[in-house]
There are 2 protein chains.
Amino acid sequence: MSHTHVHESHDQLKDALDTLKQTGVRITPQRHAILEFLVQSMTHPTADDIYKALEGKFPNMSVATVYNNLRVFREVGLVKELTYGDTSSRFDFVTTEHYHVICESCGKIVDFHYPGLDEVEQLAAHVTGFKISHHRMEVYGTCQNCSHKDLH
Amino acid sequence: MSHTHVHESHDQLKDALDTLKQTGVRITPQRHAILEFLVQSMTHPTADDIYKALEGKFPNMSVATVYNNLRVFREVGLVKELTYGDTSSRFDFVTTEHYHVICESCGKIVDFHYPGLDEVEQLAAHVTGFKISHHRMEVYGTCQNCSHKDLH
DNA sequence: TACACTGTTTATAAAGATTATAAAGTAATA
DNA sequence: TATTACTTTATAATCTTTATAAACAGTGTA
């Protein structure tokens, strides 16, 4: 990881903590650790991933604490919850807008950017009469690793 | 409901049963009833909705039967499973390709059509190296009913 | 018809993720 | 310090979905 990236995630954590302060949410050691893990995580972890990752630092932490704080973070807009159906939710630290490509074989999630799909929202609003707030989109397929495996 | 629509859903059910025959899936009374309910349903029901709706006709039917057969239908491509996170899956009889607009207030789901987003898939493939198979997208907002309620 | 084979349903238990509850702990404030 | 509100912990409960095993039904064959 380059120095730039280190600084980026440091700043992101700092910004996130500032957001908490401004919103009047207490910064507990657990919250700090969960946020820190989310910021530096590239893997879109589940609540259980986070729980397990922080087991060393907080041997007594409850799963409920993880869930509670992820909900708090979501409510103040720091974290996005990704719900891919059959399996457990994944949590994504909010940086810039992006979509996800999901490997149907190994579950890997990769970010990609795409210019906004505002037109879709406009059409939907027009056809259905809804007031649109946002949309979600994911793309599914097979990652390079798994594609190669299939050849053997 | 107009005569045209009645005929449409009749044909859809017939087509679906034909698909089952061709695929070698037995058409049991329960399967017939579940399919029939799905075809004429405009509400994207959950497994439990279906279970409850058929309670009268099949007092002894097991929830597992509903789940099993929804899986069978999904595997032969008759039904699409919609997973919107925190709540239970919803099941959608497959007709033509369409997307969904979901009311964040009352949960109502409305279909809308939009010309394919092939370009998104192409970009994702190019950027990530994935072999793309499909995508999903939903639009969220507030339906007219709920918008009106908010004014009072 | 009788028999065996296969797929299906039922009833129930089990699994897994998430939420609810109550008690104990901690920080902020008067 | 005393009070109050918020947070964490531990645990139980809930809810959806899947697994399992026994009973049942349909089909084909001798």
Side-chain angles (χ1 to χ4, degrees), chain A residues 16-17 19-37 44-76 78-92 107, chain B residues 16-17 19-37 44-76 78-92 107:
Chain A
L17 294 173
T19 303
L20 290 188
K21 264 180 213 151
Q22 285 160 23
T23 328
V25 176
R26 280 191 201 156
I27 300 167
T28 66
Q30 291 89 338
R31 283 181 182 160
H32 190 285
I34 294 173
L35 263 186
E36 192 176 26
F37 181 77
H44 309 80
T46 64
D48 199 57
D49 291 338
I50 300 171
Y51 177 63
K52 288 211 175 67
L54 301 180
E55 222 167 23
K57 225 183 261 183
F58 299 91
N60 294 324
M61 186 168 63
S62 170
V63 211
T65 300
V66 177
Y67 278 101
N68 285 339
N69 291 329
L70 287 172
R71 178 164 35 77
V72 170
F73 296 158
R74 186 182 25 134
E75 283 166 358
V76 302
L78 285 176
V79 160
K80 198 174 273 185
E81 183 173 0
L82 314 173
T83 52
Y84 300 139
D86 49 339
T87 172
S88 32
S89 288
R90 294 172 168 282
F91 296 87
D92 195 9
Chain B
L17 295 173
T19 303
L20 289 188
K21 265 181 212 151
Q22 286 162 22
T23 328
V25 176
R26 281 192 202 153
I27 301 168
T28 66
Q30 291 90 337
R31 282 179 182 161
H32 191 283
I34 294 174
L35 264 186
E36 193 175 25
F37 181 77
H44 310 81
T46 64
D48 199 57
D49 290 339
I50 300 171
Y51 177 63
K52 289 212 174 68
L54 301 181
E55 223 168 23
K57 226 184 259 184
F58 298 90
N60 294 325
M61 186 166 64
S62 171
V63 210
T65 300
V66 177
Y67 278 101
N68 285 339
N69 291 328
L70 287 172
R71 177 163 36 76
V72 170
F73 296 158
R74 184 179 30 132
E75 283 167 359
V76 300
L78 285 177
V79 160
K80 195 173 275 185
E81 184 174 358
L82 315 174
T83 51
Y84 299 139
D86 50 339
T87 172
S88 31
S89 288
R90 295 173 169 280
F91 295 88
D92 195 9

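Every chain is numbered from 1 and lettered A, B, ... according to where its sequence line falls, protein lines coming before strand lines.
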Counting any heavy atom closer than 4.0 Å, what does Thr28(A) reach on the DNA or RNA strands: base, sugar-phosphate only, or nothing?
sugar-phosphate
Separation of dA10(D) atom P from Asn68(A) atom CG, nearest Å, is 14 Å
Which heavy atom of Leu70(A) sits nearest to which heavy atom of Ile34(A), and what is that distance?
CD2-CG2, 4.3 Å
Against the side chain of Ser88(A), the closest entry in dT18(C), dT8(D), dA10(D) is dT18(C)
When you measure from the side chain of Ser62(A) to the backbone N and O of Ala64(A), does any donor-acceptor pair fall under 3.5 Å?
yes
Determine: side-chain N/O of Arg31(A) to OP1/OP2 of dT8(D), distance under 4.0 Å, yes or no.
yes
When rounded to whole Å, the CD1 to P distance for the pair Ile50(A) and dA17(C) reads 14 Å
Reckon Thr65(B) has a side-chain N or O less than 4.0 Å from the OP1 or OP2 of dT9(C)?
no
Given atom CD1 of Ile27(B) and atom P of dT27(D), what is their separation to the nearest angstrom?
11 Å
Interatomic distance, Arg71(B) CZ vs dT16(D) C1' [rounded to whole Å]:
15 Å
Nearest-Å distance, CZ (Arg26(B)) to P (dA25(D))?
12 Å
Donor-acceptor contact below 3.5 Å, side chain Arg31(B) vs main chain Arg26(B):
yes
Could you check Val25(B) against Ala47(A) and say which one's nearest nucleotide on DNA chain C is further toward the 5' end?
Val25(B)
If you pin Gly24(B) and Val63(B) to their nearest nucleotides in DNA chain C, which one's is more 5'?
Gly24(B)
In whole angstroms, how far is the P atom of dT19(C) from the CG atom of Asn69(A)?
13 Å
Protein-nucleotide distance (Met61(B), atom CE; dA25(D), atom C1'), rounded to Å
17 Å
Under 4.0 Å between a side-chain N or O of Tyr67(B) and OP1 or OP2 of dT17(D)?
yes
Using a cut-off of 4.0 Å on non-hydrogen atoms, how would the nucleic acid contact of Asp48(A) be classed: base, sugar-phosphate, or nothing?
nothing
I need the NZ-C1' distance between Lys57(A) and dT9(D), as an integer number of Å.
19 Å
What is the minimum heavy-atom distance between Thr83(A) and Ser89(A), and which atoms define it?
CG2-OG, 3.4 Å
Check whether any side-chain nitrogen or oxygen of Ser89(A) sits under 4.0 Å from OP1 or OP2 of dT18(C), and answer yes or no.
yes
Between Thr46(A) and Phe91(A) the two heavy atoms that sit nearest each other are C-CD1, 4.4 Å
